[in-house]
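Working notes, beginning with the structure itself.
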There are 2 protein chains.
Amino acid sequence: MHAEQPVRSGRAKRLPRAVRERQIMDAAVDVFSRLGFHAASMDEISEVAGISKPMLYAYLGSKEELFATCIRREATRMMEAIATGVEAEEPPDVQLWSGLRAFFGFVGENRASWQVLHRQASSQGGPFAEELADMRGRAIGLVAALLVHSSDFSNVPRAGDKEAESLAAALVGAGESLADWWLDNPQEPAGVVAARLMNLVWMGFGDLVAGDVWHPPSRRAERSPED
Amino acid sequence: MHAEQPVRSGRAKRLPRAVRERQIMDAAVDVFSRLGFHAASMDEISEVAGISKPMLYAYLGSKEELFATCIRREATRMMEAIATGVEAEEPPDVQLWSGLRAFFGFVGENRASWQVLHRQASSQGGPFAEELADMRGRAIGLVAALLVHSSDFSNVPRAGDKEAESLAAALVGAGESLADWWLDNPQEPAGVVAARLMNLVWMGFGDLVAGDVWHPPSRRAERSPED
DNA sequence: TGGTAAGACTACTGGTGAGTAGGTAAGGCG
DNA sequence: CGCCTTACCTACTCACCAGTAGTCTTACCA
């Protein structure tokens with residue numbers, strides 16, 4: 001988690017524009033995540049960023065533009081974090097496992113980002129939710145493709161795209177909510193939470209109750225299952 | 001979905017307090033679900049309800065009280081709808097199935113309620129989220145108890161409470177998100193969506209890919225799987 | 001048929017927060 | 001060293017909205 005620098009008292013030191021913009025964005029994500037879009041005030045964001053309000057407007061435009069920029073930046077960071085963790089050549093279950101680990105890893109280290117993306121963005125109407133729905137749609141699409149691809153390994157008639165999509169939506173949603181739950185119960189490491197979801201969606205309660213569990217292939221031991 | 005009566009132009013007809021309160025609550029749920037807590041204005045709520053602002057304050061108190069009352073009412077309605085659908089004597093998988101059907105049935109017929117509960121309430125901080133977290137916690141607790149109980153049927157060492165709870169959180173979350181997805185893709189009936197989630201969480205992708213599916217016991221045919 | 005209390009309204013206040021006008025310091029470059 | 005550009009500030013305007021004061025009106029009962 002970023003350590004926002006303390007509230008300044010005098011005049012801020014001169015800094016190049018790019019640096020200030022990053023500071024402002026960090027502050028904005030922080031404030032938006034804590035208060036939500038409407039309750040967050042530009043005054044507070046500027047204060048946390050350590051500059052004055054007109055700088056905000058000079059650099060990042062209106063409040064709405066600022067919020068949209070936050071969403072885009074954080075969404076991109078997250079998708080990249082996940083994409084980096086997944087190898088397209090692996091078998092489906094391993095890909096899923098890698099994706100889950102990367103996802104929970106990101107959330108664990110960027111709680112504010114996650115709050116902004118998951119709660120604030122989706123609960124505001126208009127272009128924000130749309131922006132977010134786009135990214136969410138891409139994530140669901142990826143998972144759905146994974147599912148359809150999984151079916152190719154078996155001799156079962158290929159599931160309909162709609163069906164795969166809704167299953168993917170359920171899975172993505174399970175991940176989102178488990179991440180939320182995890183924020184309130186942060187005792188456990190990311191790897192354990194990810195493994196639990198992996199077991200749920202891959203094995204199902206039916207198998208789990210019967211004592212069957214999924215476990216990652218033991219090769220590739222450089223990535224330990226604990227964080 | 002309620003058909004909110006159109007915007008009045010003259011003076012409203014005299015009505016007994018209880019009736020007016022219901023109208024106001026319906027209007028409030030409608031407006032809060034569309035705009036969120038902050039963006040919703042008491043003026044708009046009063047307009048949709050077909051009365052003037054002072055009536056709002058006379059009957060339901062402040063904006064915060066009104067919102068909290070909405071949450072409580074809708075949460076209670078939903079929990080009751082689910083509880084009514086589940087028989088405690090049934091085997092675990094059937095209980096889960098009934099619960100899912102009842103849940104998706106409720107969401108399908110009360111979209112505004114669901115928006116208020118799932119999005120708006122949780123994204124506002126303070127006592128609202130707490131209220132909501134309570135209900136959510138009860139739901140998770142119920143599912144967790146179901147899971148622990150399931151294990152008793154098997155010879156597996158009983159899963160830890162924490163583990164059951166996180167699995168339940170994932171399941172509840174999967175339901176929430178699938179419901180959200182469904183709102184955007186409302187072609188399919190509630191029963192089909194519920195069945196799909198049931199299959200996912202009970203069988204798991206592993207079994208589904210292999211062609212194994214869960215299906216409800218064929219007795220009790222008076223409840224058809226379609227809505 | 002008139003009295004009255006609950007139901008309803010118009011028209012205001014006060015506070016808050018988005019966005020801006022106009023002015024001040026600080027680094028760079030001749 | 002003086003000039004200009006870029007970073008930065010204080011102090012405002014204006015709109016919107018929660019909440020209220022004071023007044024009118026209608027259904028019901030005696």
Side-chain angles (χ1 to χ4, degrees), chain A residues 5-28 30-32 34-70 120 124-128, chain B residues 5-28 30-32 34-70 120 124-128:
Chain A
Q5 73 266 37
V7 179
R8 95 214 132 92
S9 53
R11 195 185 184 85
K13 191 158 181 267
R14 256 179 96 108
L15 285 178
R17 176 162 183 155
V19 176
R20 266 284 126 84
E21 275 185 357
R22 274 197 50 164
Q23 286 184 358
I24 295 176
M25 296 280 295
D26 291 346
D30 175 47
V31 174
F32 280 135
R34 290 198 329 261
L35 304 177
F37 175 72
H38 270 283
S41 78
M42 295 297 262
D43 287 278
E44 173 148 6
I45 292 173
S46 68
E47 193 177 351
V48 171
I51 50 140
S52 67
K53 201 153 52 131
M55 294 302 300
L56 258 183
Y57 285 90
Y59 284 174
L60 276 312
S62 71
K63 189 185 186 185
E64 299 206 344
E65 283 176 70
L66 174 60
F67 190 57
T69 308
C70 285
Q120 311 309 340
Q124 314 303 334
F128 308 138
Chain B
Q5 73 267 38
V7 179
R8 93 217 133 91
S9 53
R11 195 184 184 85
K13 190 153 182 273
R14 253 181 100 115
L15 284 179
R17 176 161 183 157
V19 176
R20 265 286 125 83
E21 276 185 356
R22 274 198 51 161
Q23 286 184 358
I24 295 176
M25 296 281 293
D26 290 346
D30 176 46
V31 174
F32 281 135
R34 289 198 331 261
L35 304 177
F37 175 72
H38 271 284
S41 76
M42 295 297 263
D43 287 277
E44 173 149 5
I45 292 173
S46 68
E47 193 177 349
V48 171
I51 51 142
S52 67
K53 202 154 49 131
M55 295 301 300
L56 257 184
Y57 284 90
Y59 284 175
L60 276 313
S62 71
K63 188 185 186 185
E64 298 207 344
E65 284 176 68
L66 174 60
F67 189 57
T69 308
C70 285
Q120 311 309 340
Q124 314 303 334
F128 308 138

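Letters A, B, ... are given to chains in the order of the sequence lines, protein chains preceding strands, and every chain is numbered from 1.
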Can you check the B:L60 CG to D:dA18 P distance for me, whole Å?
14 Å

Return the value, rounded to whole Å, for the distance between atom CD of A:E21 and atom C1' of D:dT6.
14 Å

Could you work out, with salt bridge (Lys or Arg N to Asp or Glu O under 4.0 Å) as the rule, every residue matching A:K63, not counting sequence neighbours?
none

Could you tell me which residues satisfy side-chain contact (heavy atoms from CB on, under 4.5 Å) with A:A39, sequence neighbours excluded, listed by chain and number?
A:L35, B:H38

In whole Å, what is the span from the CD atom of B:Q23 to the P atom of C:dG7?
13 Å

Would you say A:M55 and A:L60 make side-chain contact, with heavy atoms under 4.5 Å?
no

note: B:F67, atom CZ; D:dG19, atom P; distance rounded to Å ~ 14 Å

Hey, is the side chain of B:R20 poking within less than 4.0 Å of OP1 or OP2 on C:dA8, counting only N and O atoms?
yes

What string of B, S and - do you get for nucleotides 18-28 of chain C, 5' to 3', when a contact is any protein heavy atom under 4.0 Å?
BBBB--BBB--

Length of the line joining B:L56:CG and C:dC9:C1', which is rounded to integer Å
13 Å

Go through the structure and list residues passing side-chain hydrogen bond (donor to acceptor under 3.5 Å, both in side chains) with A:E21, not counting sequence neighbours.
A:R17

Between P on C:dG17 and CD on A:E44, what's the gap in Å once rounded to a whole number?
9 Å

Take the protein atom CE of A:M55 and the nucleotide atom P of D:dC9, then report the distance between them rounded to whole Å.
7 Å

Before giving the answer on side-chain contact (heavy atoms from CB on, under 4.5 Å), spell out for B:Y59 and B:I51 the whole-Å C-alpha distance, their side-chain angles and the decisive distance to 0.1 Å.
CA-CA 12 Å; B:Y59 284 175; B:I51 51 142; over 6 Å; no

How long is the line joining CD of A:E47 and C1' of D:dT10, in whole Å?
15 Å

With B:E64 via side-chain hydrogen bond (donor to acceptor under 3.5 Å, both in side chains) - residues at least two apart:
none

